[in-house]
Amino acid sequence: MNTGGDMIIDDYLDALLDGADSSPTTVVAIDAVATAPAPAPAPIETPAPGPAAVAAGPVAPAAILPPPARPLPSPPHKAVTASSQRWLRTNVGHDSYALELLRVQEVLRPAPIVAMRGAAPSVLGVMNLRGRVVPVFDLGIWLGTDRVQPDERSRIVVVERNDELIGALVSAVEDVVTLGRDRVEPPLPGSDPGAIVGIARVGAVPTVLLDANALFG
């Protein structure tokens, strides 16, 4: 048993321990503060892109539709005056009468006429003109002169009156004349002219100008 050796070791250890106790020892205390990790910043939500904003501009007013157009009334027929230039001259017996040429539609030979019961004395009846029923009048009876006697010279003058066709039986058709104002005299003053527009000086016999729209009214 090596006692001496053990004692030397123990002394050495004690000396080390004594040196350690005699040297000042600085103890650094570290406060371990349990610091919770800082919360991560909340993510910023980016709004989803919406439809592009339309720049507000002036709003155009709603279109105002005009009211439906109304049909224009047909203008009334202008009375025939002496300024009407061309006239168709006819005979009723020995008298001369003229109708405005613009109103004359046709000149026909006497056609079959169907009498109408209860009609006025001047109404001879009706005839068929290419599918249209046309009333026929005796111009002599309507004017208060003699009845027109149908013969090879007599004619039916078809005229337009207020958008309808009527026939006037006359003794004969003479011609077409052009009349100026200097050749037409107005109706007699103070009298009811009726269908008479004026009196024209054509040849030796005066010609009475008639308004077709005023005939057989």
Side-chain angles (χ1 to χ4, degrees), residues 72-111 113 119-217:
L72 296 178
S74 57
H77 171 69
K78 184 179 179 182
V80 179
T81 63
S83 60
S84 299
Q85 295 295 316
R86 307 190 70 191
W87 297 82
L88 177 69
R89 286 203 308 161
T90 65
N91 289 338
V92 176
H94 298 288
D95 299 326
S96 178
Y97 296 90
L99 296 168
E100 185 186 11
L101 188 60
L102 290 176
R103 292 292 173 181
V104 176
Q105 301 297 313
E106 294 187 48
V107 176
L108 308 172
R109 293 182 180 274
I113 297 175
S122 61
V123 180
L124 298 177
V126 295
M127 69 175 183
N128 182 4
L129 181 61
R130 293 186 296 277
R132 296 186 62 173
V133 177
V134 177
V136 180
F137 296 79
D138 187 317
L139 186 57
I141 294 177
W142 187 81
L143 291 172
T145 63
D146 295 335
R147 177 185 297 271
V148 174
Q149 299 297 328
D151 57 22
E152 59 181 15
R153 294 191 62 202
S154 59
R155 295 291 184 269
I156 296 176
V157 180
V158 180
V159 297
E160 180 187 0
R161 183 195 67 177
N162 298 327
D163 298 330
E164 65 176 353
L165 298 181
I166 58 174
L169 178 64
V170 297
S171 301
V173 171
E174 290 288 335
D175 54 14
V176 174
V177 294
T178 300
L179 300 175
R181 293 184 179 182
D182 57 338
R183 301 178 64 183
V184 177
E185 299 290 341
L188 296 176
S191 62
D192 182 12
I196 299 176
V197 177
I199 301 174
R201 298 186 302 271
V202 182
V205 179
T207 299
V208 179
L209 308 182
L210 300 177
D211 182 2
N213 272 344
L215 288 177
F216 314 120

- Query: Given the rule in the side-chain contact (heavy atoms from CB on, under 4.5 Å) test, do Ile196 and Leu210 qualify, once you have shown the distances and angles that lead to the verdict?
  - Reply: CA-CA 5 Å; Ile196 299 176; Leu210 300 177; 4.2 Å; yes

Heavy-atom closest contact ([X] atom, [Y] atom, distance):
X	Y	value
Glu160	Leu165	CA-CD2, 4.2 Å
Ser154	Pro110	O-CD, 3.3 Å
Leu209	Ala200	CD2-CB, 4.2 Å
Val148	Pro150	O-CD, 3.3 Å
Val134	Gly167	CG1-N, 3.7 Å

Could you work out, with side-chain hydrogen bond (donor to acceptor under 3.5 Å, both in side chains) as the rule, every residue matching Thr207, not counting sequence neighbours?
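Only Ser96 meet the side-chain hydrogen bond (donor to acceptor under 3.5 Å, both in side chains) criterion with Thr207.
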
| What pairs with Arg109 under side-chain hydrogen bond (donor to acceptor under 3.5 Å, both in side chains), at least two apart in sequence or on another chain? |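 Arg109 satisfies side-chain hydrogen bond (donor to acceptor under 3.5 Å, both in side chains) with no residue once adjacent residues are dropped.
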
Between CG on residue Leu129 and CD on residue Gln105, distance to nearest 0.5 Å
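With rounding to 0.5 Å, CG (Leu129) is 10.0 Å from CD (Gln105).
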
Legend entry - Atom pair CD/CG of Gln85 and Leu102 - distance to nearest 0.5 Å: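 It comes to 10.5 Å.
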
Among residues at least two apart in sequence or on other chains, which ones pass side chain to side chain contact (heavy atoms under 4.5 Å, CB included) with [X]?
X	value
Pro186	none
Ala119	Met116, Val123
Val173	Leu88, Thr90, Val107, Arg155, Val157, Val170
Asp95	Tyr97, Thr145

Q. Is it true that atom CG of Asp146 has more than 12 heavy atoms of other residues, nucleotides or ligands lying nearer than 6.0 Å?
A.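 Counting other residues, nucleotides and ligands, CG of Asp146 stays at 12 neighbours or fewer.
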
When you compare the side chain of Ile156 with that of Ile113, does any pair of heavy atoms fall below 4.5 Å?
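In contact.
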
Fill in: Beyond-backbone contact of Val177 with Arg183, side-chain heavy atoms, under 4.5 angstrom
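Of all side-chain heavy-atom pairs linking Arg183 with Val177, none is under 4.5 Å.
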
Report task. Mind jotting down which residue pairs meet the side-chain hydrogen bond (donor to acceptor under 3.5 Å, both in side chains) criterion with at least one end in residues 193-203? Sequence neighbours excluded, please. Result ->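 Residue pairs passing side-chain hydrogen bond (donor to acceptor under 3.5 Å, both in side chains), neighbours aside: Glu185-Arg201.
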
Worksheet item: What side-chain hydrogen bond (donor to acceptor under 3.5 Å, both in side chains) pairs are there with at least one residue in residues 164-178, not counting sequence neighbours?
Response: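 Qualifying pairs, neighbours excluded: Arg89-Asp175, Asn91-Glu174, Arg161-Glu164.
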
**OP:** Go through Leu108 and Met127 one step at a time and tell me if the side-chain contact (heavy atoms from CB on, under 4.5 Å) criterion holds.
**Re:** CA-CA 11 Å; Leu108 308 172; Met127 69 175 183; 3.7 Å; yes

Give me the ring orientation class for Trp142 and Phe216: parallel if the planes are under 30° apart, tilted from 30 to 60°, perpendicular past 60°.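 It falls in the perpendicular class, over 60°.
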
Sequence neighbours excluded - salt bridge (Lys or Arg N to Asp or Glu O under 4.0 Å) pairs with any residue from residues 124-141
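Every salt bridge (Lys or Arg N to Asp or Glu O under 4.0 Å) pair that includes a residue of residues 124-141, provided the two are not neighbours, is Glu106-Arg130.
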
Practice problem: For the pair Val205 and His94, evaluate side-chain contact (heavy atoms from CB on, under 4.5 Å) and give the outcome as yes or no after the intermediate values. | Solution: CA-CA 9 Å; Val205 179; His94 298 288; over 6 Å; no

